[in-house]
Amino acid sequence: MSRLNQGQVKNRAPAPIQISAEQIIREAADRQEPHILDPVTKIHDAEEYQSFLSSRRKHFEDNIRYRREHIGNWVKYARFEEDNKEYERARSVFERSLEVDHRSAELWLRYAEFEMRNEFVNRARNILDRAVLILPRVDFLWYKYVYMEEMVGDAEKCREVFERWMSWCPDEGAWLSYARFEVRCAKALAGEGLAANMAKATDVMKRFVNEYPCAKSFLKLAKWAEHEARDIDLARSVYESCLTELEPEEARQARVFKQFAAFEERQGEYERARVIYQHAIKLLKLGDDKQNRVGKQDYEIEGGEDEEISEHERYRRDELYKAYVAFEKKHGHKDGIESVILTKQRAEYNTRVAKDPFEYDAWFEYAKLEEDHGEPAAVREVYERAVANIPPCQEKQYWKRYIYLWIYYAVYEELVMGDLDRASKIYDLCLSIIPHKKFSFAKIWVYAAKVQIRRKDLDAARKLLGRAIGVCGKEKIFLEYISLELALGEIDRCRKLYNKYLQVMPHNCKAWGRYADLERSVGETERCRALYELAISQPALDMPELLWKGYIDFEIEEGEGDKARALYQRLLERTGHVKVWISYAQFEGTEIGNGLEEARRIFQDAYDRLKSEGLKEERVLLLDAWRIFEKTKGDSQGVATVEAKMPRRIKKKRMRIDDETKSELGWEEYFDYHFPDDEGATSSNLKILEMAAKWKQQQAQHPSSDDDDSDLDSD
């Protein structure tokens, strides 16, 4: 396909002419060529028969001359002679073919099968004997040879053939065939009234194991002894010999332990099976992070040697561990099952942290697992391994999860182990690791100081918090230090800390408010008032409304109405916010205010000022608050006065304009307010709209009269 057609999308629409499967089959049958049968030759006498044989032989000879090395021509020729009972001619054809290719195992097999089909046993024996002498490594010739000898009932001759075959060191299939032959012979003798003697078959399998001393051979012998020879003691001794006599790389295969344990489980020896499983897990280090690491890894095993584990062996070890888990679930007790599950979970966590040591969530889960079920030494080991993985980048976002490893470690040492000294050392080590020049964590300083307090070392806690103020300087540290000194009753220390706090953060209104609350709580009213005055005089504040509100509330609670009023007036000089006006008016309506009339005057002044500034929504908020005030503290006349000032809300449309490109974005709806006391084009437009609404309402009420008038006009 050309490159131009590769990017084109194929037309997947249905074809205009649909063809069914039945139509395809019918056309295939119609177009099929007729089968030409070979002509049937009818022979009437011997002369015609000989003529037919001569023509067919000439045909085969021509094919052989054309393709002499093609074995199929020779086999067909011999088969033709065999069908016509010309056995000597068939043997001649086979012998001629062997002269062409005497190393063709298929040809020898066809030759032997020819003799066997026609019950020429001695000739077949001679042919197979010649074949195995020339081709001793071709197994199916030996199989055919021993099969023939067994079928004719000559066990000694068959055993002799097997011995000749075994001298060539064949594969395991040949040895198993020999052993099964001996089993059949033993059973045949047992059927004649004698006891079945499996000694010869056992000797054959032992010779096989000695010939191939590997784990696979031992397992074959053990399986044969269990299922075919029914010799349980022999099978157990074979498994034990496999573990003791073979080389370590052979004996430590997972399948050896798995089959040995499964054998003991089948025999009802559950304790022996459990010991085998546990020994395998300890020897093969199942559950170790190195064992479960992705890819091929080299690690030390017992004896100091290095073992390279293949993927297949790793899979077998996983299967061995799964078999152990299943065994404990079936035959184990509660503690054993929990131990297996915990080992599996530890292996999974070790795999995760080995793959990515900076996955701190895995470390948290691993440590929690050890805290719930492990020993203190194991818990500490996990935490030590976890905190050793310091984030490679000195950016705070990468340290946030890492810091909690130290916190959980210290909490574990303090709450679970009750070791405050060790917890304090953990916090100190954590503080030494954090790069404070770039960033810091206030919670670490605070937790470390609280541990010192619980250790009843107040001086160490104060030094630590003082150092934290110099290094970190966050608001949380100031608050915790002040709360500590306040709990101890050290007011002078609290004042010093607040002074330092405000030097660092003079814009923090909450800090000013807390300092003033402290002075007020100890009865220092003048100091509190001075602090508020100093605070509102600052050039920059983050939340000045909070500070002013606190100052005014303080004066009101102290019963200083004139001072509170003066504060309202000073605040209105700085800002004309509607909430300030509302609060001022509500203040005048209280007991320490100048009364209802003064509150109404303030509401009116606020309304006039907002009207002059053109702030419609603020005027609505003011009128709502004024109406509520009149309903609670005023009279009906006052409520009516405010109701007369309430605006009418009208829905309008306007074009949205993009601030950057100055392009039109489309129409949007919004609500506008029309006040009764507004004069000009706005009020006239409002009157026109009111008249139109009234006319529409009248038209809806008298539709019949309009129809009559229209009929008269038409006449």
Side-chain angles (χ1 to χ4, degrees), residues 509 512-513 516-517 519-521 523-538 541 543-649 673-679 683:
C509 293
W512 289 102
D517 291 341
E519 296 295 348
R520 182 183 174 189
S521 64
E524 295 289 344
T525 306
E526 294 300 326
R527 291 177 66 91
C528 179
R529 187 175 288 111
L531 280 172
Y532 275 121
E533 287 292 339
L534 183 61
I536 62 178
S537 64
Q538 296 296 320
L541 294 171
M543 290 186 292
E545 67 278 0
L546 183 64
L547 200 58
W548 281 95
K549 185 179 184 302
Y551 194 4
I552 293 171
D553 292 342
F554 163 71
E555 295 293 356
I556 292 174
E557 291 176 2
E558 292 293 328
E560 299 289 343
D562 295 335
K563 292 182 179 181
R565 188 177 297 106
L567 286 174
Y568 272 118
Q569 293 174 358
R570 289 169 60 186
L571 181 57
L572 288 173
E573 292 176 358
R574 296 193 178 190
T575 177
H577 199 276
V578 63
K579 290 186 178 181
V580 179
W581 286 104
I582 294 172
S583 179
Y584 187 14
Q586 291 174 349
F587 160 72
E588 292 294 351
T590 58
E591 295 179 356
I592 63 174
N594 290 333
L596 183 59
E597 295 299 329
E598 182 66 21
R600 288 172 177 170
R601 186 190 64 80
I602 293 173
F603 272 121
Q604 186 63 44
D605 292 342
Y607 182 80
D608 295 338
R609 182 171 176 179
L610 294 174
K611 178 181 177 181
S612 62
E613 295 177 357
L615 302 175
K616 294 184 178 181
E617 294 183 358
E618 285 76 3
R619 289 164 67 187
V620 174
L621 293 175
L622 180 67
L623 289 173
D624 289 337
W626 193 355
R627 180 170 54 183
I628 294 172
F629 177 78
E630 291 291 349
K631 288 181 179 180
T632 54
K633 296 185 178 181
D635 50 13
S636 58
Q637 184 179 1
V639 174
T641 303
V642 177
E643 291 287 350
K645 296 178 180 291
M646 294 300 292
R648 180 178 180 181
R649 191 173 68 168
Y673 298 95
H674 291 280
F675 293 87
D677 54 356
D678 288 343
E679 297 180 356
S683 60

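- With sequence neighbours excluded, the residues that form a salt bridge (charged side-chain N to carboxylate O under 4.0 Å, His left out) with Arg609 are Glu613.
- Contacts of Glu598 classified as salt bridge (charged side-chain N to carboxylate O under 4.0 Å, His left out), with partners at least two apart in sequence or in another chain: Arg601.
- A donor-acceptor contact shorter than 3.5 Å is absent between the side chain of Glu588 and the backbone of Tyr584.
- Remark: Trp512 CH2 to Ile536 CD1 distance equals 11.0 Å, nearest 0.5 Å.
- Closest non-hydrogen pair, Leu547 versus Cys509, comes out as CD1-O, 3.9 Å.
- The shortest heavy-atom contact between Glu519 and Leu531 is CG-CD1, 3.6 Å.
- Within the structure, salt bridge (Lys or Arg N to Asp or Glu O under 4.0 Å) contacts touching residues 569-586 (residues at least two apart or in different chains) are Glu533-Arg570.
- Partners of Phe603 according to the ring pair (Phe, Tyr, Trp, His ring centres under 6.0 Å) rule, which considers only residues two or more places apart in sequence or in another chain, are Trp626, Phe629.
- Every residue meeting the side chain to side chain contact (heavy atoms under 4.5 Å, CB included) condition with Pro544, not counting sequence neighbours, appears here in chain and number order: Leu541, Trp548.
- Once rounded to the nearest 0.5 Å, the distance linking CG of Asp608 with CZ of Arg619 reads 9.0 Å.
- Partners of Asp517 according to the salt bridge (charged side-chain N to carboxylate O under 4.0 Å, His left out) rule, which considers only residues two or more places apart in sequence or in another chain, do not exist here.
- The two residues Ala516 and Cys528 have their closest heavy-atom pair at O-SG, 3.4 Å.
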Checking Met646 against Asp624 for the side-chain contact (heavy atoms from CB on, under 4.5 Å) test, could you report, in this order, the C-alpha distance in whole Å, the side-chain angles of both residues, the deciding distance, and whether it holds?
CA-CA 8 Å; Met646 294 300 292; Asp624 289 337; 3.4 Å; yes
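- The shortest non-hydrogen separation linking Ile556 to Ala564 is CG1-CB, 3.9 Å.
- Pairs of residues two or more places apart, or lying in two chains, that qualify as salt bridge (Lys or Arg N to Asp or Glu O under 4.0 Å) and include a residue from residues 632-645 are Arg600-Asp635, Arg627-Glu643.
- In this structure Glu591 satisfies the side chain to side chain contact (heavy atoms under 4.5 Å, CB included) test with no other residue, sequence neighbours excluded.
- Note: Leu615 CG to His577 NE2 = 10.0 Å, rounded to the nearest 0.5 Å.
- In this view, Tyr568 and Ser583 satisfy the side chain to side chain donor-acceptor pair (under 3.5 Å) rule, not counting sequence neighbours.
- Within the model, atoms CG of Leu622 and CD of Gln604 stand 9.0 Å from one another, a figure rounded to the nearest 0.5 Å.
- Closest heavy-atom contact between Gly589 and Ala599: N-CB, 4.1 Å.
- Remark: Glu560 engages no residue in a salt bridge (charged side-chain N to carboxylate O under 4.0 Å, His left out) (not counting sequence neighbours).
- The side chain to side chain contact (heavy atoms under 4.5 Å, CB included) check on Thr525 picks up Arg529, Phe554, Glu558, with sequence neighbours excluded.
- Minimum interatomic distance between Leu610 and Gly576 (heavy atoms only, all atoms of both residues): CD2-O, 4.2 Å.
- Atom CD of Gln569 and atom CD1 of Ile602 lie 8.0 Å apart (nearest 0.5 Å).
- From Leu572, atom CG reaches atom CG of Leu567 across 11.0 Å, with rounding to the nearest 0.5 Å.
- Qualifying side chain to side chain contact (heavy atoms under 4.5 Å, CB included) partners for Gln586, counting only residues two or more places apart in sequence or in other chains: Ile582.
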